[in-house]
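Data first, discussion second: the structure below is written as structure tokens.
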Amino acid sequence: MSIELQELFQKNREWADNTEAREPGFFTRLLNQQSPQYLWIGCADSRVPANDLVGLLPGELFVHRNVANLLVHSDLNALSVIQYAVDALQVSHIIVVGHSNCGGVRAAMLNTRAGLVDNWLRHVQDVRDAHEGFLAGLHESLQVNALVELNVLEQARNVCRTTVVRDAWVRGQSVVVHGWVYGLHNGLLEDLKITATSADQVGLAYDTALALVKQRYRQQHAALTSQPAPVTQHGALSDH
């Protein structure tokens with residue numbers, strides 16, 4: 001392996017050459033403007049490349065990523081990104097995107113110690129604890145992904161509660177907040193139906209989306225637990 005990572009510089013040159021060949025003048029135009037309509041708040045996981053998932057070019061998607069796609073009210077980094085996106089870039093949509101089998105969410109769900117990040121994941125554990133009864137009632141194989149989606153709903157609501165978004169709504173600026181989840185197993189995005197365009201929509205949007213998530217996972221739990229036990233070739237129930 002190259003210490004200088006020359007292979008990455010080579011791939012960068014190939015990408016730049018291919019982009020310019022496909023769209024002459026692309027980088028000159030990009031230099032002079034940045035006008036994305038979307039702010040993506042996603043997980044830092046390397047398997048979830050924001051622009052690629054939605055087929056957008058550089059300059060078309062403003063992105064903030066951290067472990068477990070959190071929007072914490074004391075996180076000045078994330079709040080500054082939202083403020084710049086809303087006030088300076090005038091984005092129309094803010095999308096919180098989680099993903100299936102998230103390692104951070106899994107660690108929070110199972111109380112797995114990982115070091116300094118444990119303090120950050122305490123926010124996910126707060127979501128877990130708020131829905132402890134619901135999660136405990138699910139088949140073990142469903143719990144992590146259920147928490148992934150619950151976490152998206154919570155973070156989308158947190159976005160709606162920021163002073164930046166609330167002030168934008170007060171002055172009549174069009175900002176729509178969404179919550180999505182990405183499936184690592186199929187490459188598809190799913191809308192979790194928490195969509196708010198004003199402060200008075202937030203509570204109903206959250207409650208409606210929460211009810212849908214819980215209904216879907218309870219149905220999946222029922223399907224898993226209602227499967228008959230395997231039968232041996234002699235007709236007796238198997239112990240395995």
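Computed from a predicted structure; not experimentally measured.
- We find the CG-NE2 distance between D75 and H73 to be 11.0 Å, quoted to the nearest 0.5 Å.
- Aromatic rings from Y182 and W40 are positioned such that their centres are separated by 6.0 Å or more.
- Connection of Y217 to V148 is established within a shared hydrophobic cluster, with ILVMFWY side chains joined at heavy-atom distances below 4.5 Å, either directly or through further cluster members.
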Which is it for D17 and R22 under the salt bridge (Lys or Arg N to Asp or Glu O under 4.0 Å) test, yes or no, and what are the steps along the way?
CA-CA 9 Å; D17 290 345; R22 185 174 62 251; over 6 Å; no

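- Checked against ring-ring contact (aromatic ring centres under 6.0 Å, His included), W120 has the following partners two or more places apart in sequence or in another chain: H123.
- Between the R65 side chain and the C43 main chain, a donor and an acceptor come within less than 3.5 Å of each other.
- Salt bridge present: R122 and D126 bring a charged side-chain N and a carboxylate O closer than 4.0 Å.
- Atom-to-atom distance recorded for T225:OG1 and Q220:CD is 11.5 Å, nearest 0.5 angstrom.
- Summarising the geometry, atom OG belonging to S100 is positioned 5.5 Å from atom CG belonging to N145; distances are rounded to the nearest 0.5 Å.
- Side chain of W180 to backbone of L192: no donor-acceptor contact under 3.5 angstrom is found.
- Note: the hydrophobic cluster containing V159 also contains V175 (ILVMFWY, side chain heavy atoms under 4.5 Å, direct or indirect links).
- Inspection of the R218 and Q215 side chains reveals no N or O donor paired with an N or O acceptor under 3.5 Å.
- By the 4.0 Å N-to-carboxylate-O rule, K11 lies too far from E14 to be salt-bridged with it.
- Note that the NE2 atom of H131 and the CG atom of L147 stand 8.5 Å from one another [nearest 0.5 Å].
- In this structure, a donor-acceptor pair under 3.5 Å is present between the side chains of Q125 and N111.
- Rounding to the nearest 0.5 Å gives a distance of 12.0 Å between OH of Y206 and SG of C160.
- Between the side chain of D118 and the backbone N or O of G115 there is at least one donor-acceptor pair closer than 3.5 Å.
- In this structure, the side chain of N158 engages the main chain of L71 through a donor-acceptor pair within 3.5 Å.
- Checking side-chain atoms of Q143 against main-chain N and O of L135 turns up a donor-acceptor pair under 3.5 Å.
- Relative orientation of the F62 and Y84 rings is tilted, given thresholds of 30° and 60° on the angle between their planes.
- Hydrophobic clustering of Ile, Leu, Val, Met, Phe, Trp and Tyr side chains at less than 4.5 Å, counting indirect connections, unites M109 with L121.
- One finds no salt bridge joining D207 and R157 here, because no Lys/Arg side-chain nitrogen approaches an Asp/Glu carboxylate oxygen to under 4.0 Å.
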